[in-house]
Amino acid sequence: MAVLSLEAVWKRYGEHTVLRGVSLVVEKGEVLCIIGPSGSGKSTLLRCTACLEPFSGGIARLDGEILGYRLHGIKLYPLSSRALAAQRTEIGMVFQHFNLFANLSVLDNITLAPMLIRKLSRQQAEQKARQLLERVGLADKEKSFPAQLSGGQQQRVAIARALAMEPKVMLFDEPTSALDPELVDEVLVVIKDLAQEGMTMVVVTHEMAFAADVADHLIFMDDGVIVEEGKPISLLSNPSNERTRAFLRRFLQQNKAVFEEQAARSSFQALSPRESEKTRLGGQLEKATTSEDRSSKNKARRPVGEGYNQDDGSFTLGGHVQIIQTATEPKIQW
Amino acid sequence: MNLKTLLHQKESLASSNSMPVQIASVEAAPVSELTVARQRHFSWWISGTLLTVVLAWISYSLYANPNVDHHTIGKYIFSHAILSGLRTTIILAIVAQAIGILLGIILAVMRLSSNPVGRFIAGAYIWLFRGTPLLVQILFWGNLALFYRNITIGVPGFVLASYATKNVITAFVASLLALSLNEAAYMAEIIRAGILSVPLGQTDAAMALGLSKLQTFRKVVLPQAMPVIIPPSGNQFINMVKMTSLVSVIAGGDLLTEAQNIAAANLRTIELLFVASLWYLAVTTLATLGQSRIERILGRSKRGVGQAGSPIRGARVLGALIDDHA
């Protein structure tokens with residue numbers, strides 16, 4: 001069942017139209033990545049989905065419940081701020097510029113909303129916050145203030161803060177765009193980790209290799225519409241739309257060799273014994289490690305072959321991704 | 001360009017302008033042994049001496065003036081009437097400032113709200129109270145009984161309670177009303193600036209987590225606006241201490257009122273103005289100390305030379321440290 005669905009949503013700012021009828025569906029446990037040029041409406045789409053701004057038209061649903069409105073007959077009535085706030089608690093949002101509360105320590109950043117809204121005691125909230133900090137690798141930073149952390153650390157705290165509300169879906173708005181290149185990976189590892197645990201996610205990103213790696217489904221947006229969508233590997237390696245191709249030109253050139261090799265390999269219709277062995281083994285491993293939340297449908301969606309390595313979920317694209325040969329070494333490089 | 005050509009150029013420059021370029025000393029000792037000579041500031045000494053002389057002369061003329069009776073100042077400075085006036089002044093300043101801040105927060109939020117009526121009312125309030133002199137406002141409140149004889153609580157046709165204005169709005173109440181309502185207009189603008197200084201992303205993040213508007217304001221926005229609001233509020237309070245003296249026009253019972261009452265009886269006007277001024281100075285000095293303490297606490301998170309108020313920064317802003325190797 002779809003966790004999140006958008007049907008023909010529009011967004012206008014006065015004369016300016018940002019979204020022109022976007023529809024999409026995100027299944028439970030699915031990772032949807034959205035790519036596209038600046039100003040194409042990706043961030044607006046996320047902000048509207050997170051109920052931070054109302055859509056101008058169309059309907060968004062979370063677990064079947066209409067976001068931001070109450071349907072009565074054929075009329076949509078805007079929700080009260082109270083009901084709207086309740087809906088926001090079900091959606092985790094991670095911002096490009098982290099937006100940690102500058103006046104609060106790392107721990108207080110994470111416990112604030114659970115204590116105020118979920119009515120957890122300080123003890124419960126802090127215990128949970130410490131678990132989350134452990135998970136994002138920042139257990140020793142709970143007393144720090146946001147200004148004392150690097151961008152990568154701040155973003156990981158922001159992810160922990162969103163997770164503390166146990167949202168049904170996580171939205172990431174260019175989570176690594178404001179980071180120094182060397183800090184990007186530590187954030188991507190955390191997001192990938194979440195994906196493997198079966199969290200339903202929508203990620204707006206400029207990291208193509210990352211999108212290819214974690215996404216179950218990839219969308220290319222331009223000028224407020226979905227131009228092209230599909231499985232990440234096929235969309236990235238062989239875009240059918242002219243606009244998509246132009247956008248991906250630099251990425252495609254960088255990875256030309258890889259794609260050509262893949263094309264050649266597939267034309268032989270044969271995998272080396274080693275490759276087939278890996279695929280078989282990979283299937284078993286995935287069954288063992290994937291959480292039950294992940295529907296079998298999504299597993300089927302996972303591309304096999306084409307440079308995708310099921311052992312550890314890494315994907316081979318030029319210099320960006322390296323296949324990690326052993327499943328015991330979880331560190332992945334993009 | 002290597003060192004050799006550089007030295008050559010300097011030498012040719014020295015010979016052409018006959019300037020004593022000290023290349024010789026560079027060559028005479030290793031660079032590690034060179035020391036920087038202390039720069040002499042003759043201009044500092046001249047201007048400093050001049051200012052000291054002028055100040056000393058003014059102080060002496062004040063002290064030695066035969067028309068000022070020092071004994072009277074000493075006699076009244078701790079007198080019962082003056083101390084009671086001082087107490088009223090301090091109470092007026094603190095309570096008016098507190099009401100001003102609370103009302104200022106409400107006005108600032110109204111002015112920033114999406115409700116056009118709220119925005120308009122707050123704007124009109126600020127326009128009215130900042131646009132008329134405080135002295136005039138004090139006179140209005142002090143003479144309220146002239147155009148509202150009674151203050152009535154109830155709905156038209158039904159009177160719950162009615163009081164004579166002159167009994168309710170005493171000189172003290174009129175003073176307090178005038179000072180706090182005026183202060184609220186100024187505080188509203190300071191608080192508005194503080195709220196606007198908080199990045200929008202902070203509100204986004206709080207709302208995205210499901211906090212209500214009020215929770216977002218109390219837990220996230222206001223605490224972050226405080227470092228911007230507090231320093232000018234300190235200035236407002238120091239001003240407020242002095243502004244209370246204006247209520248002497250409606251006999252508000254403050255320090256200046258008491259001083260004037262005594263002066264009216266013994267005709268020692270200048271001496272009692274000195275008494276009042278000494279007390280105003282004492283209170284404002286304490287308030288200034290408190291303010292710089294608060295600013296130091298607030299500034300702790302951003303340490304460094306660039307901190308506002310440090311003399312090094314002042315000199316640097318004026319370009320002094322770039323010229324003088326002081």
Side-chain angles (χ1 to χ4, degrees), chain A residues 43 46-53 80-105 108-119 144-148 154-155 157-167 170-173 178, chain B residues 105 108-110 112-119 190-231 233 294-308:
Chain A
S43 294
L46 281 200
R47 284 183 63 82
C48 292
T49 308
C51 300
L52 290 175
E53 283 173 51
S80 67
S81 348
R82 201 191 174 93
L84 210 51
Q87 286 191 337
R88 290 191 189 108
T89 62
E90 304 297 334
I91 304 169
M93 178 86 176
V94 174
F95 299 87
Q96 182 179 358
H97 296 286
F98 334 130
N99 297 352
L100 290 182
F101 303 132
N103 56 318
L104 299 177
S105 71
D108 291 342
N109 258 281
I110 302 174
T111 57
L112 180 70
M115 282 169 63
L116 279 178
I117 296 154
R118 300 273 192 245
K119 305 291 177 202
S144 304
F145 279 82
Q148 297 165 325
Q154 288 190 52
Q155 192 61 296
V157 174
I159 293 171
R161 179 176 68 177
L163 287 175
M165 292 298 283
E166 295 175 355
M170 286 281 285
L171 310 178
F172 293 83
D173 185 7
Chain B
I105 292 176
V109 171
M110 274 170 76
L112 293 169
S113 81
S114 51
N115 181 346
V117 179
R119 272 205 313 267
I190 290 170
I191 292 163
R192 189 172 73 104
I195 292 172
L196 288 177
S197 77
V198 179
L200 277 176
Q202 298 285 316
T203 310
D204 278 350
M207 299 290 277
L209 284 168
L211 269 68
S212 70
K213 282 182 203 167
L214 190 65
Q215 287 169 330
T216 303
F217 184 70
R218 270 183 45 224
K219 300 284 181 180
V220 176
V221 175
L222 200 55
Q224 291 189 55
M226 277 329 233
V228 180
I229 293 173
I230 286 179
S233 301
I294 291 171
E295 278 188 29
R296 229 186 4 260
I297 293 167
L298 284 177
R300 231 170 238 170
S301 52
K302 7 178 182 148
R303 267 172 240 243
V305 184
Q307 202 171 324

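Chain letters run A, B, ... following the sequence lines, proteins first and then strands; every chain starts at 1. Because the structure is a prediction, the values reported are computed rather than measured.
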Tell me, side chain or backbone of [X] under 4.5 Å from chain B's heavy atoms, or both, or neither?
X       : value
A:Leu52 : side chain
A:Phe95 : side chain
A:Ala86 : neither

Only pairs of heavy atoms separated by less than 4.5 Å count here; which of A:Ile91, A:Leu171, A:Leu100 has the most with chain B?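 Max contact count across the listed options: A:Leu100.
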Could you pull out all residues at least two apart from A:Ala162 that satisfy side chain to side chain contact (heavy atoms under 4.5 Å, CB included)?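 A:Ala162 satisfies side chain to side chain contact (heavy atoms under 4.5 Å, CB included) with A:Val94, A:Met170 only.
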Distance-only check: which donor-acceptor pairs of chain B and chain A lie under 3.5 Å?
unit_1, atom_1, unit_2, atom_2, d
B:Gly201, O, A:Asn99, ND2, 3.1
B:Gln202, OE1, A:Ala102, N, 3.4
B:Gln202, NE2, A:Leu100, O, 2.7
B:Asp204, OD1, A:Arg47, NH2, 3.3
B:Asp204, OD2, A:Arg47, NH1, 2.8
B:Asp204, OD2, A:Arg47, NH2, 3.4
B:Lys219, O, A:Asn103, ND2, 3.1
B:Gln224, NE2, A:Asn103, OD1, 3.2

If you round to the nearest 0.5 Å, how far is CG of B:Leu211 from CG of A:Leu112?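 Rounded to the nearest 0.5 Å, the CG-CG separation comes to 5.0 Å.
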